[in-house]
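Each chain gets a letter, A, B and so on, in the order its sequence line appears, and its residues count up from 1. Quick caveat: nothing in here was measured; it's all calculated off a predicted structure.
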Amino acid sequence: MNVLLYGHNPAPSIVAAQQLDDSHIRLYKRRDEEIVQEDVEFFPFLFLSQPSFLAGYDRKHWLKDLAGSNSFRTLAVFTRWSDLWEAIRIILEKERTTTARRLEGYTDAESLHVRPDPVGQYLMQSGSTLFKGMEFTDLRRMQISVLTGPPSRSARAFDEPILAVALSDTTGWEIVLDAHKSGEAGLLAELTHVIRERDPDVLEGHRIFEHDLAVLLRRSDHHERPLSIGRDGSEARLLQGRWAGQESDHEASLADIAGRHVVDTSLLAEVYDFSRRSLDSLDLGTLATHFGASGRRVQFSGHPAFLWKEDPRRAHTLVLQNVHDIRLISDYLSPSSFYLTQMVPLSYGVVARTGSAVKIESLLLREYLRQKHSVPRPGHGTQTTGGYADVFLTGVFEKIVLADVESLYPSIILQRNIRPATDELGIFSALLRDLVALRLEAKRSMAAAATVAGRAKLDALQSSFKILINSFYGYLAYSRALFNDFAKADEITKTGQALLRKILGQIELHNGQVVEVDTDGVYFIAPDNVEGVEAETLLVDRISSSLPEGIELIPSGRYRKMLSYKKKNYALLGYDGTLTIRGSALVSRSMERFLRRFLRLAVSNLLDENIAGLHTLYATFHSDIAHHRWEALDFCRTETIHDPFSVYEREIGEGKRNPAAAYEVARRAGRIVKPGEKVSYYVTGTSAGVKVSENCRLAEEWDPHFPDENTAYYLGRLEETAAKFEIFFNPEDFRKIFTVDDLFGFDPAGVRIVTRRMVPEEAPPSPDPQETDEFRIWLGES
DNA sequence: AGCTGTGGCAGGGAGG
DNA sequence: CCTCCCTGCCAC
């Protein structure tokens, strides 16, 4: 086991060091021609030099002992105490001789100097190592929800007082602390007491960093009362990023509670939804419903502070419902992070909030440090290619089969033995190979698991393997990755493109008609002689067998009908009647709700070939708009603010970007919007051609008694949206359907949905370096 | 403070 | 009108 020495400075010039006791070391540093000494505490990592120490520890104590461990910078790695001076000598030597690119046998100090963080992450493995052998259910998880308000005119958002705090934990215990009873300061004191008494390992909340902990810390500060909820009695700390509120998507606030892990269910939900795109919103209530929250639920749309005043009993139920929801969401989403923690040298709280590149890198680093091998610096450059996407047919089609290449990029990496050029130890592919094998094993055991709980655990395990496996490719093209390799990333995507083109050829060879292809999957019309699941599966299997070893094409969906519109934009009608719509042109959260509804109904009608329905739909919407038969939520547009106002204004000034309604409307309403916040606005004025950024108001300002939305503009929006259907009809039919001018009634007779064959894009016979004979043989081309 | 990628569509503003 | 460029959102 390694011992790590660290200091406060990124690269202190250490000339000597002396061990004082089990947790302190005295460093002698050169500073301005004179030697100064500094005593450094390196708890808890010395702890790890003798793992046998852990044997007698119970969980409560070692978690406490791991308190506050990530605030130091790195210096060197060595295995035995006797190596300390040797490590320092070599590093000093290194600093003198700039020619040596690598320290034989030791971690390259230059790299550590440039990027101290990764080793900091490595240090965190202390936590994760200790999670080994634990079950998710062993954790004591506490849920928290802080109710604030009501918003006052003068106060900033965070100065709103706390009304109540709800807490619950995995033992079934729950409580609502009420500021009415003992005042806000009393509530905070009670909260501190309760948390330390219940002593949770994990504190869970929904937007817990942005909201609950931020509020608690601010109000504690206001009352000049420490929020001592650390396991060692220390205060919770808010780590404010240096660039907070500058050029980032989210407010950078992270809270650090010694000896406890903080998990934000909204982040977990974001990751969960990223791959599924099935959720309308990531609100607590929406998520809880998605995960099957049962029973009668308290619904309240206004600011909960008002409910607290008007109906305390219901408000009480509402805040408790919040913590129940948090627990439910966490029950589903956090186990995979928990099991990841057993594989990755990062602590649970960190695993739950960091991205996958960090996790891959931590694994690579762990092995490099273990082998005491130098670590490369990130390479410069960019990736030039990505996935292959194309649409061959537009219109409505039947008997659709979706065939996917299983784990396309991981398979290519393994089969083509791709690894970053800087990975001298060859850890990259070995790691991936192991993870794939482990995942298969977990999936096999899952199928054989006897209990529901056992299956759930193995499912969490295999899904955490999956997260890692799928990140290997992305890691290569990540500009800040230590082991990045853009050329190799390109090699992977180009190989993927070649495979897809080969699959397209094979499908056509078997008389299937390809409708759409995107990266690793193909939608095609099954050939006439292929009827039913078995026949379709057989066909896909046959095509799969023509592919290289280890590249598997699998049937992954079959649909009664498909509407193909543009690349990455289509709709599917399942054999069970479910309608799925994909693509930013057809479904988008930024699109006005009435247009989303219109599109969904129109697509549905089109798939049913209900032309009369389509016409009625258009006419109805047209009339509703013209007569203001709607509410602001129907026609407002909701956008997420990504840049701070300062950046927006600067870039406008520099002419780098144009005025945007979302920012302008917030500015005019005097609202301070921070990155990550959403703004809902609608368009005012009287003509369709108005400049939106100058004619818009906040959605909440709309008054149904004096509707001032721009009817001409919104009729125009309807028309623009209807125009998307032009491609599905011939011009006369299109005009006939999408008009309100039908004095003599509408007759759908003779209207046919048009199918169009898209001109295939110039498929470059890619002059890749990959287009070698060896590659062609691998691909199976003669 | 921490941060995976490319490809694609829509909508708006500015300027020709 | 058109084209260019930007942002935002989405597919994979």
| Do the ring planes of F598(A) and F738(A) sit parallel (below 30°), tilted (30 to 60°) or perpendicular (above 60°)? | perpendicular
| Taking the six-membered ring for Trp, are F728(A) and F725(A) parallel (under 30°), tilted (30 to 60°) or perpendicular (over 60°)? | tilted
Distance, rounded to the nearest Å, where [X] contributes [atom1] and [N] contributes [atom2]:
X       : N       : atom1 : atom2 : value
K466(A) : dT4(B)  : NZ    : P     : 18 Å
I360(A) : dG2(B)  : CD1   : P     : 19 Å
E361(A) : dG2(B)  : CD    : C1'   : 12 Å
I469(A) : dG5(B)  : CD1   : P     : 20 Å
R637(A) : dA10(B) : CZ    : P     : 13 Å
Y478(A) : dG2(B)  : OH    : P     : 11 Å
Q497(A) : dG7(B)  : CD    : P     : 8 Å
R480(A) : dA1(B)  : CZ    : C1'   : 10 Å

Mind listing the side-chain donor-acceptor pairs of residues 684-694 of chain A below 3.5 Å, one per line with the distance, residues two or more places apart or on another chain?
from, atom 1, to, atom 2, distance (Å)
T684(A), OG1, N695(A), O, 3.3
S687(A), OG, G689(A), N, 3.4

Over all strands shown, is [X] touching base, sugar-phosphate only, or nothing at heavy-atom distances under 4.0 angstrom?
X       : result
Y648(A) : nothing
S693(A) : sugar-phosphate
Y475(A) : nothing

| From dT4(B), dA14(B), dG2(B), nucleotide with atom closest to N658(A) side chain | dA14(B)
| Partners meeting side chain to side chain donor-acceptor pair (under 3.5 Å) with Y473(A) (sequence neighbours left out) | Q383(A)
| field | dT4(B) versus dA11(C) - spacing of their C1' atoms, nearest Å | value | 16 Å
Short side-chain N/O contact from [X] to OP1 or OP2 of [N], under 4.0 Å:
X       : N       : value
R717(A) : dG11(B) : yes
Y713(A) : dG12(B) : yes
K724(A) : dC9(B)  : no
T384(A) : dT6(B)  : no

| said: Could you check whether R657(A) makes a cation-pi contact with Y663(A), meaning its NZ or CZ is under 6.0 Å from the centre of the six-membered ring and within 45° of the ring axis? | reply: yes
| Nucleic acid footprint by protein, nucleotides 7-12 of chain C - heavy-atom cut-off 4.0 Å, B for base, S for sugar-phosphate alone | SSBSBB
| field | Y714(A) and E709(A) side chains, donor-acceptor separation under 3.5 Å | value | no
| Between T638(A) and S680(A), is any side-chain donor less than 3.5 angstrom from a side-chain acceptor? | yes
